[in-house]
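What follows is a set of notes on a single structure, which appears directly below.
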Amino acid sequence: MIKNLTEFIALLRKENEIVEISAQVNPYLEIAEIHRRVIAAEGPALLFTNVQGSTFPVVTNLFGTQKRVQLAFGKKPQELIKKITELPENLFPPTPQKLWKEKQTFFDFLKIGLKKQKNGSVTEVTQVPPKMKNLPLLTSWLEDGGAFVTLPLVYTEHPETKMHNLGMYRIHRYDDKTTGIHWQIGKGGGFHYAVAESKKQPLPMNLNIGGPPALILSAIAPLPENVGELLLASLVLGEKLALCENPAGTLPLIAEAEFVAVGKVPPFKRQPEGPFGDHYGYYSLQHDYPVFEIDAIFHKKNAVFPATIVGKPKQEDFFIGDYLQELLSPLFPLVMPSVTDLWSFGETGYHALSAAVVRERYTREGLAGAFRILGEGQLSLTKFLLLTDKPQNLKDFKSLLVYILERTDFAKDLYIFDNLSMDTLDYSGPSVNKGSKGILAGFGKPVRELPKETPNLEECSGLINDASLFCDGCLVVEGERYAKNPALAQEITKLSALKDFPLVILADSAKETTSTTSRFLWTVFTRFEPAADICTKSSFIRRNSIVYENPIVIDARRKTPYPKELFCDEKTAKLVDNRWNDYFPNKNVKMGESDKAHLDK
């Protein structure tokens with residue numbers, strides 16, 4: 001497998017999957033917009049060799065297609081995990097013949113782990129005092145709070161157990177020696193810091209940049225707290241991961257990283273971090289976060305700085321996230337026996353919507369599976385969960401939704417739980433980190449025939465301006481903006497024209513929302529919060545539970561306090577328009593539309 005970034009870039013060259021840009025480019029906004037247009041056109045990885053203000057090249061879009069993800073990670077990790085999950089069934093009762101048959105799996109398993117060595121290529125150059133401003137950090141969007149490390153590999157250890165965590169927590173550069181560290185709720189590094197802070201101690205931290213692609217995959221993996229990410233990196237790598245001694249700190253260094261900043265996060269020190277244009281497609285706002293104080297920077301002699309850009313889907317994180325789900329999917333039934341299949345939708349930012357196939361061997365067993373999902377690590381941040389008890393293609397959202405709407409009984413199959421935590425980056429709740437969750441189940445046989453056409457809306461004039469069918473049983477309507485009529489969603493639940501539709505979506509634009517499945521997922525599930533934005537024709541309390549009567553109306557309009565949607569600023573857009581042939585003089589790279597990304601595909 002690929003041991004470092006240099007090997008990966010060489011492989012991409014061999015496969016004609018990377019283009020070198022020798023024209024001088026600015027890390028402030030320009031590189032980001034070039035990247036966005038290329039990934040929107042499903043174009044190649046980009047190696048910028050002449051970056052203004054830095055001697056280091058920048059490489060982006062390493063994982064921006066399924067092909068490059070397969071080149072980076074391959075099929076062997078998936079095959080090994082599948083074999084590991086099958087071992088209990090294949091080996092018991094154990095016999096010499098069965099053990100011999102699985103010998104290759106055992107040999108592969110023995111390769112997983114860590115190996116320590118005195119030196120690593122990451123320590124070829126030492127920078128003391130550190131100069132973070134020499135690194136070509138990118139500013140991606142006009143209203144970002146500064147320049148960020150967008151592929152950070154943050155390594156910490158639990159102050160008591162010494163269990164490690166490798167996480168991708170964004171890094172906001174303040175000056176040469178300090179950065180912000182965006183430890184969101186539910187993240188392992190943040191848990192380590194909380195323990196250190198309770199002891200009034202600083203937390204040692206290494207900020208790694210670059211290295212084997214396997215590190216990036218493991219850093220975003222939703223692993224249980226007691227499973228080290230470096231072990232997953234080793235599994236994907238196909239060999240033991242090399243760590244070397246740290247000349248400036250107590251934590252080991254990843255030997256094949258391109259850069260590593262070594263330092264500590266002091267207790268009780270906070271500084272404003274952000275804003276930052278995030279993968280939900282909006283700005284995440286400025287909040288106070290801990291501060292990383294850097295003592296030294298190490299890097300390879302010919303280091304390349306890897307970066308990514310996030311924004312409206314699909315960006316690189318989408319392709320990595322989907323591969324990761326497929327990689328770990330065989331483990332779901334082992335960790336959660338009542339869950340036979342699970343998928344989170346990258347178009348919604350992953351945490352906003354998941355779907356699961358659960359066992360329903362007795363009445364309401366499926367709900368036990370739902371609660372198991374909502375109690376499992378980062379899955380606990382899921383905002384809305386769709387359930388079914390029969391195998392479905394969970395990636396085909398439209399057919400899944402039709403299947404559930406045919407079967408759901410809103411009187412007993414819709415659950416809304418308020419006063420819960422919510423993903424830090426999801427601003428649809430009443431305040432940061434706070435919100436609600438929803439579950440909608442569709443079990444058993446169909447209970448209704450779904451309407452397949454847009455109804456006559458003459459009686460709805462004044463309330464509904466336009467309507468468009470997304471799928472059987474789901475109608476998207478538009479009316480006045482939220483700021484002008486916040487109660488519109490409740491008002492339209494009473495319209496007789498909508499009575500046959502189990503689900504109605506109120507959006508700012510009906511036609512745009514239904515133009516593609518990606519556009520529907522992104523628009524609806526990033527713009528509503530279950531407790532605040534689900535309205536029903538009527539509801540009442542029975543046995544201390546709320547019973548809902550359809551139609552169910554989801555208010556997915558932009559609300560007044562929402563952060564701004566991400567768009568490229570006009571000045572940068574014109575600059576990139578005018579310089580496109582400078583970047584690609586061979587005219588071999590197509591220009592996509594960055595403001596739409598892949599939403600209309």
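The first residue of the sequence shown is numbered 1, and numbering continues consecutively from there.
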List the atom of [X], the atom of [Y], and the distance in Å for their closest heavy-atom pair.
| X | Y | answer |
| --- | --- | --- |
| Gly479 | Leu506 | N-CD1, 4.0 Å |
| Leu47 | Ile18 | CB-CD1, 4.0 Å |
| Gly438 | Pro530 | N-CG, 3.7 Å |
| Val154 | Ile181 | CG2-CD1, 4.0 Å |
| Glu258 | Val304 | OE1-N, 2.8 Å |
| Gly592 | Ala41 | N-CB, 3.7 Å |

NZ/NE/NH1/NH2 to OD/OE distance under 4.0 Å, [X] and [Y]:
| X | Y | answer |
| --- | --- | --- |
| Asp466 | Lys511 | yes |
| Glu42 | Lys314 | no |
| Lys300 | Glu256 | yes |
| Glu20 | Arg13 | yes |
| Asp533 | Arg557 | no |
| Glu30 | Arg579 | yes |
| Lys564 | Glu143 | yes |
| Arg481 | Asp508 | yes |

Establish, yes or no, whether a centroid distance under 6.0 Å links the rings of [X] and [Y].
| X | Y | result |
| --- | --- | --- |
| Phe148 | His172 | yes |
| Phe63 | Phe8 | yes |
| Phe56 | His299 | yes |
| Phe305 | Phe259 | yes |
| Tyr323 | Phe73 | yes |

Hey, is the main chain of [Y] close enough, under 3.5 Å, to the side chain of [X] for a donor-acceptor pair?
| X | Y | answer |
| --- | --- | --- |
| Lys312 | Leu566 | yes |
| Ser354 | Leu385 | no |
| Tyr562 | Arg527 | yes |
| Asp595 | Cys568 | yes |
| Ser140 | Ile309 | no |
| Ser431 | Lys434 | no |
| Glu7 | Lys3 | yes |
| Trp522 | Gly349 | no |
| Glu273 | His287 | no |
| Asp144 | Gly146 | no |

Does the Lys NZ or Arg CZ of [X] fall within the cation-pi geometry relative to [Y] - under 6.0 Å from the ring centre and within 45° of the axis?
| X | Y | value |
| --- | --- | --- |
| Arg170 | Trp183 | no |
| Lys559 | Phe528 | no |
| Lys398 | Phe470 | yes |

Over 12 foreign heavy atoms within 6.0 Å of CD, Gln286: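 Yes, the 6.0 Å shell around CD holds more than 12 heavy atoms from other groups.
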Can you confirm whether more than 12 heavy atoms, excluding those of Asn465, are under 6.0 Å from its CG atom?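 Yes, the 6.0 Å shell around CG holds more than 12 heavy atoms from other groups.
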Please walk me through it: do Phe397 and Phe345 pass ring pair (Phe, Tyr, Trp, His ring centres under 6.0 Å)? CA-CA 9 Å; Phe397 174 76; Phe345 293 87; 5.6 Å; yes
Return the [atom1] to [atom2] distance between [X] and [Y], rounded to the nearest 0.5 Å.
| X | Y | atom1 | atom2 | value |
| --- | --- | --- | --- | --- |
| Ile404 | Leu386 | CD1 | CG | 4.5 Å |
| Leu135 | Ser54 | CG | OG | 6.5 Å |
| Thr150 | His279 | OG1 | NE2 | 14.0 Å |

Take His182 and Tyr289, measure what ring pair (Phe, Tyr, Trp, His ring centres under 6.0 Å) needs, and give me the verdict at the end. CA-CA 6 Å; His182 193 266; Tyr289 277 92; 4.3 Å; yes
Is it true that [Y] and [X] share a donor-acceptor pair across their side chains at a distance under 3.5 Å?
| X | Y | value |
| --- | --- | --- |
| Tyr280 | Asp423 | yes |
| Lys383 | Ser436 | no |
| Thr526 | Tyr282 | yes |
| Asp288 | Gln271 | no |
| Thr424 | Asn433 | yes |
| Ser399 | Gln392 | no |
| Asp322 | Tyr350 | yes |

Checking Thr308 against Glu316 for the side chain to side chain donor-acceptor pair (under 3.5 Å) test, could you report, in this order, the C-alpha distance in whole Å, the side-chain angles of both residues, the deciding distance, and whether it holds? CA-CA 7 Å; Thr308 191; Glu316 282 185 272; 2.6 Å; yes
Testing Ile297, Leu207, Ile209, Asn206 for side chain to side chain contact (heavy atoms under 4.5 Å, CB included) with Val260, which one passes?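 Per the side chain to side chain contact (heavy atoms under 4.5 Å, CB included) rule, the option paired with Val260 is Asn206, out of Ile297, Leu207, Ile209, Asn206.
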Can you find a pair of side-chain heavy atoms, one from Leu46 and one from Val59, that are under 4.5 Å apart?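 No - every pair of side-chain heavy atoms lies 4.5 Å or more apart.
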Partner residues of Glu529 under the salt bridge (Lys or Arg N to Asp or Glu O under 4.0 Å) criterion, sequence neighbours left out: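 Residues passing salt bridge (Lys or Arg N to Asp or Glu O under 4.0 Å) with Glu529: none at all.
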